Structure formats: C-alpha cells, structure tokens
Amino acid sequence: MSIENISRNKTFGGWHKQYSHHSQSLNCEMRFAIFLPPQAVNGQKVPVLYWLSGLTCSDENFMQKAGALRIAAELGIAIVAPDTSPRGSDVADDDSYDLGQGAGFYLNATQAPWDSHYKMYDYVVNELPKLIEETFQVSDKRSIAGHSMGGHGALTIALRNPQRYCSVSAFSPISNPINCPWGQKAFSAYLGSDKDTWRAYDASILMRQATQFVPAKVDQGLEDNFLVEQLKPESLEAAAKSNGYPLQLNSHQGYDHSYYFIASFIEEHLRFHAEHLG
C-alpha cells in the first residue's frame, strides 16, 4: 500500500508527520498523523498508542492541542491519530455535526448509504495498524485511547479485542451510547432499528460481559456540559464493579469537555500506557 507524506515537523527530537493513503476499508482517501519519538528515529522499534478523537475533529486536534509529544518522546511511544471518519465528495454526509463526516463513531455501518464507506472499526482495528507496522519503526505492541466519541471508540475496540491491546484509556467517553442521544442517533442511522446490534458498540455492556481484561483508565470532568445527558460514566463504573473489571475512573472538579482538560492529565495517561506497554 502506497502512502504519501503531506507534512513533517521535527519536535522533541522526533518527528510529527501527516500521511494520506487510500483505505480499502473505507473506500476513500484517508489521512492520519504519526509522532515518531527519537528512539524510533534512532532505529529502535517502539510501541504505539492509537488516539481516537471526538465529534467534528480530525487527526490534527490531539497532536496540536493535547501537549502529549514531549512525554511521548521521553517514554519512547509512537502516537498515531487517524481521522474520525471517511471523507470525500462521494462519501455520505449529514448537515448535523453528530452524524456523517467527522462523526464515524468507530463502528462498521450496515445501513445504506453509510455502509459504502463507514467502516471505521475495521480501519482502526486492522487496516491502519497493519499499515503502520509495515511502514514505520514500530513494534506490534499497541495501546488505544480517545476522547468523547473517540473514548467510546477506544473502549469498545479494546473490550472487543483484548488480545490486541496492552491498555486502554479515555477522556470523557460516551460510555453508554445506547442510552444517550448521540449514540441513539448514530446507531439508528449506521446500524438500523435492531437495537441488539447496537450492543456490540456499547462500552458499558461490553465491560459487564468481558471475560478477558485490558487495564483501563478513564478521566471525567465534572463541569462537562455533556456529562449527564450524553456521557454517563456511572454506567461504565457500575459495569466494572459488577464484573471486577480493572477500571480506574477519576472525576475532576471544575474541568470541562475541552482539550484544556485533556492537556491537564495527558501525562498521567501516557505514563499509564507506558507501564503496560513495557
């Protein structure tokens, strides 16, 4: 598979680069960003943290706003940030911000017109890691993290693929999407009216049913405008307690849903992943 480098910036002794490539899973051109720490630049194979962003975001939000690269350089962890959905003039879209382009929800759509392109689950779990591991100086040791819609994606992907990830973390994840407006809207469109199919993409349900555990860390701001209606961390916490799942769930007074919150605690998340990546 050919990829094209579209930008490169040296930072903290490593490189932040953006690439485009044709995705077979998504049937369109896709873009991702990768931070290669100095250890990788010097020939060492390093583990990878995959970061999934939230609604309306692209590969750029986390890399530019989270303040993660200095710590990733110190720890010797590569970071890969894909876009949040398929893109292009022939890709189905919607006028609202929470459906369509920029709102892929990290699932495999089964309903027209979304099923032609919206296979973000396959892209994140299989296609993108294969491309990264074949192209860059990285190992096959992976962790996954995300924010909001991306937190939902990170948790559900890790819970469904415990053999593929050493750890998972999330900021302000959509923890129980079958019971919140964002999730109900997206799942109805992408997956159809059979709500049994929605359960495969709900972190609270998956955590309650898990038989293999991936160490998990979640941080939630208590001044988050979406906390009560959309995020529902209490559902995730109850699921973990019912199953003995190794979940660290931390609440923070005064913090909201923004990247100011993420930047405040990203170092703790990176050190958490470094511990489990070895």
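Keep in mind it's a predicted model, so treat the numbers as computed, not measured. All heavy atoms count here, side chains included; hydrogens, waters and symmetry mates do not.
- If you take OG1 on T156 and CD1 on I144, they are separated by 8.0 Å, rounding to the nearest 0.5 Å.
- Of all the heavy atoms in L99 and A186, the pair that sits closest is CD1-CA, 4.0 Å.
- For the 3.5 Å distance criterion, the side chains of S2 and H21 fail to qualify, holding no donor opposite an acceptor.
- Note: S85 OG to M30 CE = 6.5 Å, rounded to the nearest 0.5 Å.
- Remark: side-chain polar atoms of T135 are not paired, donor with acceptor, to backbone N or O of I132 under 3.5 angstrom.
- S264 is listed as a side-chain neighbour of Y255, based on a closest heavy-atom distance under 4.5 Å.
- Of the possible polar contacts, one joining the N108 side chain to the D122 backbone as a donor-acceptor pair under 3.5 Å is found.
- Of the inter-residue distances, the one linking E267 atom CD with H269 atom NE2 reads 11.5 Å to the nearest 0.5 angstrom.
- Within the 4.5 Å cutoff, side-chain heavy atoms of Q184 are placed close to those of W198.
- Note on M149 and I157: same hydrophobic cluster, where clusters join Ile, Leu, Val, Met, Phe, Trp and Tyr whose side-chain heavy atoms are under 4.5 Å apart, directly or indirectly.
- The residue from W51, Y19, Y50 that alone fulfils the ring-ring contact (aromatic ring centres under 6.0 Å, His included) condition with F32 is Y19.
- T11 places none of its side-chain heavy atoms less than 4.5 Å from the side chain of N9.
- Side-chain atoms of H117 never come within 3.5 Å of backbone atoms of V91 as a donor-acceptor pair (strictly under, hydrogens ignored).
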Exercise. Do L107 and F187 pass the side chain to side chain contact (heavy atoms under 4.5 Å, CB included) test, and can you show the C-alpha distance, the side-chain angles, and the key distance before you say yes or no?
Worked result: CA-CA 9 Å; L107 50 72; F187 289 1; 3.6 Å; yes

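- Looking at T197 and T110, their side chains never come closer than 4.5 Å, going by heavy atoms from C-beta outward.
- A donor-acceptor contact shorter than 3.5 Å links the side chain of D224 to the backbone of F226.
- For the residue pair A203 and P177, the shortest heavy atom distance occurs at N-CD, 4.4 Å.
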For this session: Run the numbers on W182 and F105 for ring pair (Phe, Tyr, Trp, His ring centres under 6.0 Å), then give the verdict.
Result: CA-CA 10 Å; W182 277 340; F105 270 84; 7.8 Å; no

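- Follow the hydrophobic side-chain contacts under 4.5 Å out from Y165 and you never reach F62; the two are in separate clusters.
- The closest side-chain donor-acceptor pair between H147 and N61, if any, does not fall under 3.5 angstrom.
- Minimum interatomic distance between A68 and L270 (heavy atoms only, all atoms of both residues): O-CD1, 3.4 Å.
- At least one donor-acceptor pair closer than 3.5 Å links the side chain of T84 to the backbone N or O of C57.
- Salt bridge K119/E127: absent, no basic N to carboxylate O contact under 4.0 Å.
- In terms of modelled atom types and a separation under 3.5 Å, the side chain of Q137 and the main chain of V46 share no donor-acceptor contact.
- Residues L55 and L155 share a hydrophobic cluster, clusters being chains of Ile/Leu/Val/Met/Phe/Trp/Tyr side chains in contact below 4.5 Å.
- For Y245, the OH atom is densely surrounded, since the number of other residues' heavy atoms within 6.0 Å is greater than 12.
- Enclosure of atom CG in N250 by more than 12 non-hydrogen atoms of other residues, nucleotides or ligands within 6.0 angstrom is indicated.
- Using a 3.5 Å distance cut-off with no hydrogens or angles, the side chains of S23 and E29 do not pair a donor with an acceptor.
- Between H152 and Y106, the distance separating the two ring centers is not shorter than 6.0 angstrom.
- No more than 12 heavy-atom neighbours from other residues, nucleotides or ligands sit within 6.0 angstrom of OH on Y260.
- With rounding to the nearest 0.5 Å, the separation of CD in Q248 from CD in E268 is 9.5 Å.
- Between Y190 and W114, the angle of the ring planes goes over 60°, which puts this pair in the perpendicular group of the 30/60° scheme.
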For this session: Show your working on salt bridge (Lys or Arg N to Asp or Glu O under 4.0 Å) between E4 and R31 and close with a plain yes or no.
Result: CA-CA 9 Å; E4 179 185 357; R31 190 176 75 185; over 6 Å; no

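- Other residues, nucleotides and ligands place no more than 12 heavy atoms under 6.0 Å from the CZ atom of R199.
- Side chains of Q18 and D59: a donor-acceptor N/O pair is present below 3.5 angstrom, by distance only.
- Residues Y121 and N161 are in side-chain contact: their nearest non-hydrogen atoms beyond the backbone lie under 4.5 Å apart.
- For the pair D219/H252, a side-chain contact is recorded, criterion being any heavy-atom separation below 4.5 Å from C-beta on.
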Problem set entry | Check against salt bridge (Lys or Arg N to Asp or Glu O under 4.0 Å), E60 and K65 | CA-CA 8 Å; E60 294 183 337; K65 295 180 178 180; over 6 Å; no

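- At a threshold of 4.5 Å between non-hydrogen side-chain atoms, the residues M207 and Q209 do not count as touching.
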Problem set entry | Stepwise side chain to side chain contact (heavy atoms under 4.5 Å, CB included) test for V80 and L128 | CA-CA 9 Å; V80 172; L128 184 59; 3.9 Å; yes

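- What you find for L231 and S172 is that their closest heavy atoms are CD2-O, 3.5 Å.
- Between G76 and P37, the closest heavy-atom pair is C-CG, 3.9 Å.
- In this structure, E133 and R142 have side chains that are in contact, with non-hydrogen atoms separated by less than 4.5 Å.
- In this structure, S175 OG and E237 CD are separated by 10.0 Å, a value rounded to the nearest 0.5 Å.
- Remark: aromatic rings of F171 and F265 are distant, center separation not under 6.0 Å.
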Exercise. When you look at I3 and L131, which way does the side chain to side chain contact (heavy atoms under 4.5 Å, CB included) test go after all the steps?
Worked result: CA-CA 9 Å; I3 65 174; L131 174 61; 3.7 Å; yes

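- Residue V218 comes nearest to L236 through the heavy atom pair CG2-CD2, 4.0 Å, listed as atom of the first residue, atom of the second, then distance.
- Both M120 and L206 sit in one connected hydrophobic cluster of ILVMFWY residues. Membership requires side-chain heavy atoms under 4.5 Å apart, directly or through other members.
- With hydrogens and angles ignored, the 3.5 Å screen pairs no side-chain donor or acceptor of N176 with any backbone N or O of N179.
- Interatomic distance, OG of S20 versus CG of N5, reported as 9.0 Å (0.5 Å rounding).
- Under the 6.0 Å distance and 45° angle rule, R160 counts as a cation-pi partner of Y201.
- A distance-only check finds a donor-acceptor pair linking the side chain of Y118 to the backbone of A92 [under 3.5 Å].
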Problem set entry | Verdict with reasoning, N225 to D256, per side chain to side chain donor-acceptor pair (under 3.5 Å) | CA-CA 7 Å; N225 290 337; D256 59 18; over 6 Å; no

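- The main-chain N or O of V168 is never found under 3.5 Å from a side-chain atom of K217 such that the two would form a donor-acceptor pair.
- Under a hydrophobic-cluster definition in which Ile, Leu, Val, Met, Phe, Trp and Tyr are linked whenever side-chain heavy atoms come within less than 4.5 Å, directly or via other members, I174 and Y259 are assigned to different clusters.
- Checking H273 against S167 by side-chain atom types alone, a donor-acceptor pair falls below 3.5 Å.
- At distances below 3.5 Å, not a single donor-acceptor pair connects side-chain atoms of N243 with backbone N or O atoms of A239.
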